[in-house]
Student: 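Could you have a look at this structure, given as structure tokens, before my questions?
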Amino acid sequence: MERMDIVERSFSTPAISTVYTQTMGAILLANIAETADSTMGWCKEQDVKNFKTNELHRFEGGVLTRRNRGEVARPASFADTMEQYSIKEYASVMNIDRQDLIDDDLNAWLTALDEYARGVQDLRPSLVYGFIAANAALATDSVALFHADHNNLITSSALAAATLQTAVTKLASQRGPGGLNLNLRNCVLITSETLSFTADQLTTSAEIREAA
């Protein structure tokens with residue numbers, strides 16, 4: 001089920017209709033639909049049943065070794081990595097009294113619902129980019145995800161064609177704990193707003209010209 005479908009269905013339940021009037025619910029739903037989420041399309045989503053700690057395992061094996069004539073095939077070795085995660089619940093309440101709606105000559109509550117919808121849609125991107133920026137240590141090796149030991153960190157160069165080329169090469173060269181190539185291919189370039197124009201040039205230009 002798509003995320004927007006879940007939001008739309010939640011407004012059709014009796015519980016929601018007792019909290020919001022049809023007008024307020026429609027306004028809030030429309031504002032949520034108009035807000036873009038930059039994390040859609042490249043984040044892997046997974047349903048979980050509860051708030052308990054979950055484990056995400058990745059097994060790697062199957063590396064073939066040369067078998068000489070008359071030899072028995074050697075046993076395969078497997079590598080296992082595991083990370084833990086758990087989901088959290090986020091909520092807030094906005095109380096609107098009937099008298100507030102009657103006295104609202106400037107349609108301030110409509111503006112408030114617009115900002116409220118922005119806050120709802122901003123939660124997921126803030127969490128995703130917050131996790132990336134925190135760069136926490138992995139449980140597998142107690143080393144940060146982006147680290148020199150993982151050969152996936154560049155800190156001395158600004159975003160440019162040569163730097164992007166180096167990053168793409170490092171991405172494609174990543175190997176798992178068992179030595180297998182992870183076969184990662186670049187698909188998304190995440191930048192700040194200050195670098196968005198440069199990123200657009202690098203990802204959409206058909207040629208690179210010498211500045212001189």
Side-chain angles (χ1 to χ4, degrees), residues 1-3 37-88 124-192 195-196 198-211:
M1 182 182 297
E2 296 295 333
R3 184 185 181 198
D37 185 350
S38 59
T39 64
M40 299 298 292
W42 61 273
C43 288
K44 182 179 179 180
E45 300 177 1
Q46 180 174 322
D47 293 331
V48 294
K49 298 180 180 179
N50 49 50
F51 297 91
K52 298 179 181 179
T53 300
N54 297 275
E55 295 182 351
L56 183 63
H57 289 267
R58 182 178 183 275
F59 293 94
E60 179 181 314
V63 178
L64 301 181
T65 57
R66 178 178 176 178
R67 186 189 70 84
N68 297 318
R69 181 177 299 179
E71 290 183 346
V72 178
R74 297 177 179 85
S77 60
F78 289 86
D80 175 27
T81 59
M82 185 272 292
E83 298 297 328
Q84 294 181 334
Y85 68 94
S86 61
I87 64 171
K88 306 296 180 183
R124 170 172 158 149
S126 295
L127 290 175
V128 171
Y129 297 127
F131 291 146
I132 295 177
N135 197 23
L138 300 175
T140 302
D141 55 7
S142 300
V143 177
L145 172 61
F146 301 104
H147 194 277
D149 292 351
H150 294 157
N151 194 31
N152 62 358
L153 181 64
I154 305 174
T155 59
S156 59
S157 303
L159 180 62
T163 310
L164 185 59
Q165 179 181 355
T166 301
V168 170
T169 303
K170 286 181 176 291
L171 182 68
S173 303
Q174 288 293 302
R175 294 184 177 274
L180 282 178
N181 192 297
L182 297 180
N183 196 29
L184 301 178
R185 291 294 180 262
N186 52 297
C187 60
V188 177
L189 178 59
I190 303 174
T191 66
S192 63
L195 296 174
S196 60
T198 302
D200 287 338
Q201 286 184 317
L202 292 173
T203 55
T204 58
S205 296
E207 61 181 20
I208 298 177
R209 296 188 178 186
E210 174 61 38

Student: Which atom pair, heavy atoms only, marks the closest approach of Leu164 to Leu189?
Tutor: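 Leu164 and Leu189 have their closest heavy atoms at CD1-CD1, 4.1 Å.
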Student: Quick one: do the Lys170 and Asn151 side chains pair a donor with an acceptor below 3.5 Å?
Tutor: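 Lys170 vs Asn151: donor-acceptor pair found between side chains.
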Student: Whether the side chain of Arg124 engages the backbone of Ser38 through a donor-acceptor N/O pair (distance < 3.5 Å, no angle test) should be reported.
Tutor: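 Not at all, since once roles are kept as given, no pair shorter than 3.5 Å links the two residues.
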Student: For Gln46 and Tyr85, work out which heavy atoms get closest and say how close.
Tutor: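 Heavy-atom minimum between the residues: NE2-OH, 3.0 Å.
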Student: Which value, rounded to the nearest 0.5 Å, describes the distance between Thr166 atom OG1 and Leu171 atom CG?
Tutor: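 If we round to the nearest 0.5 Å, Thr166:OG1 and Leu171:CG are 12.5 Å apart.
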Student: Quick one: pull up CD1 in Ile87 and CZ in Phe51 and give me the separation to the nearest 0.5 Å.
Tutor: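 Atom-to-atom, Ile87:CD1 and Phe51:CZ are 4.5 Å apart.
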Student: Please report the closest heavy-atom contact between Arg185 and Ala172, naming both atoms and the distance.
Tutor: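 So the two residues come closest at NH1-CB, 3.4 Å.
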Student: What's the spacing between Met82 CE and Thr140 OG1 if we round to 0.5 Å?
Tutor: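 Atom-to-atom, Met82:CE and Thr140:OG1 are 7.5 Å apart.
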Student: Just by modelled atom types, is the Gln165 backbone N or O under 3.5 Å from a matching donor or acceptor in the Thr169 side chain?
Tutor: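 Yes, the answer is positive, given that a donor and an acceptor are paired below the 3.5 Å cut-off.
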Student: Going from OG on Ser173 to CG on Leu184, what distance comes out if it is rounded to the nearest 0.5 angstrom?
Tutor: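 So the OG of Ser173 and the CG of Leu184 are separated by 10.0 Å.
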Student: Using a 3.5 Å distance criterion without hydrogens, assess whether the side chain of Thr39 forms a donor-acceptor pair with backbone atoms of Pro125.
Tutor: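 Side chain of Thr39 to backbone of Pro125: no pair is present.
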Student: Which heavy atom of Arg66 sits nearest a heavy atom of Arg74, and at what distance?
Tutor: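 Here Arg66 and Arg74 meet closest at O-NH1, 2.6 Å.
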Student: Which heavy atom of Ala199 sits nearest to which heavy atom of Thr191, and what is that distance?
Tutor: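 Closest approach of Ala199 to Thr191: CB-CG2, 3.8 Å.
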Student: So, does Asn54 use its side chain to make a donor-acceptor pair with the main chain of Gln84 at under 3.5 Å?
Tutor: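 No: the side chain of Asn54 does not pair with the backbone of Gln84.
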Student: Rounded to the nearest 0.5 Å, how far apart are CD1 of Ile190 and CD1 of Ile132?
Tutor: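 If I round to the nearest 0.5 Å, the distance is 4.5 Å.
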Student: Under 3.5 Å, is there a donor-acceptor pair between the side chain of Gln174 and the main chain of His150?
Tutor: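 Here the side-chain-to-backbone pair exists.
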Student: With sequence neighbours left out, what residues match Leu145 under side chain to side chain contact (heavy atoms under 4.5 Å, CB included)?
Tutor: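 Leu145 satisfies side chain to side chain contact (heavy atoms under 4.5 Å, CB included) with Asn135, Leu138 once adjacent residues are dropped.
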Student: Could you check whether atom CG of Asp47 has more than 12 heavy atoms from other residues, nucleotides or ligands sitting under 6.0 Å from it?
Tutor: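 Count not over threshold, so no.
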Student: So which atom in Asn183 and which in Asn181 form the shortest heavy-atom distance, rounded to 0.1 Å?
Tutor: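 The answer is N-OD1, 2.7 Å.
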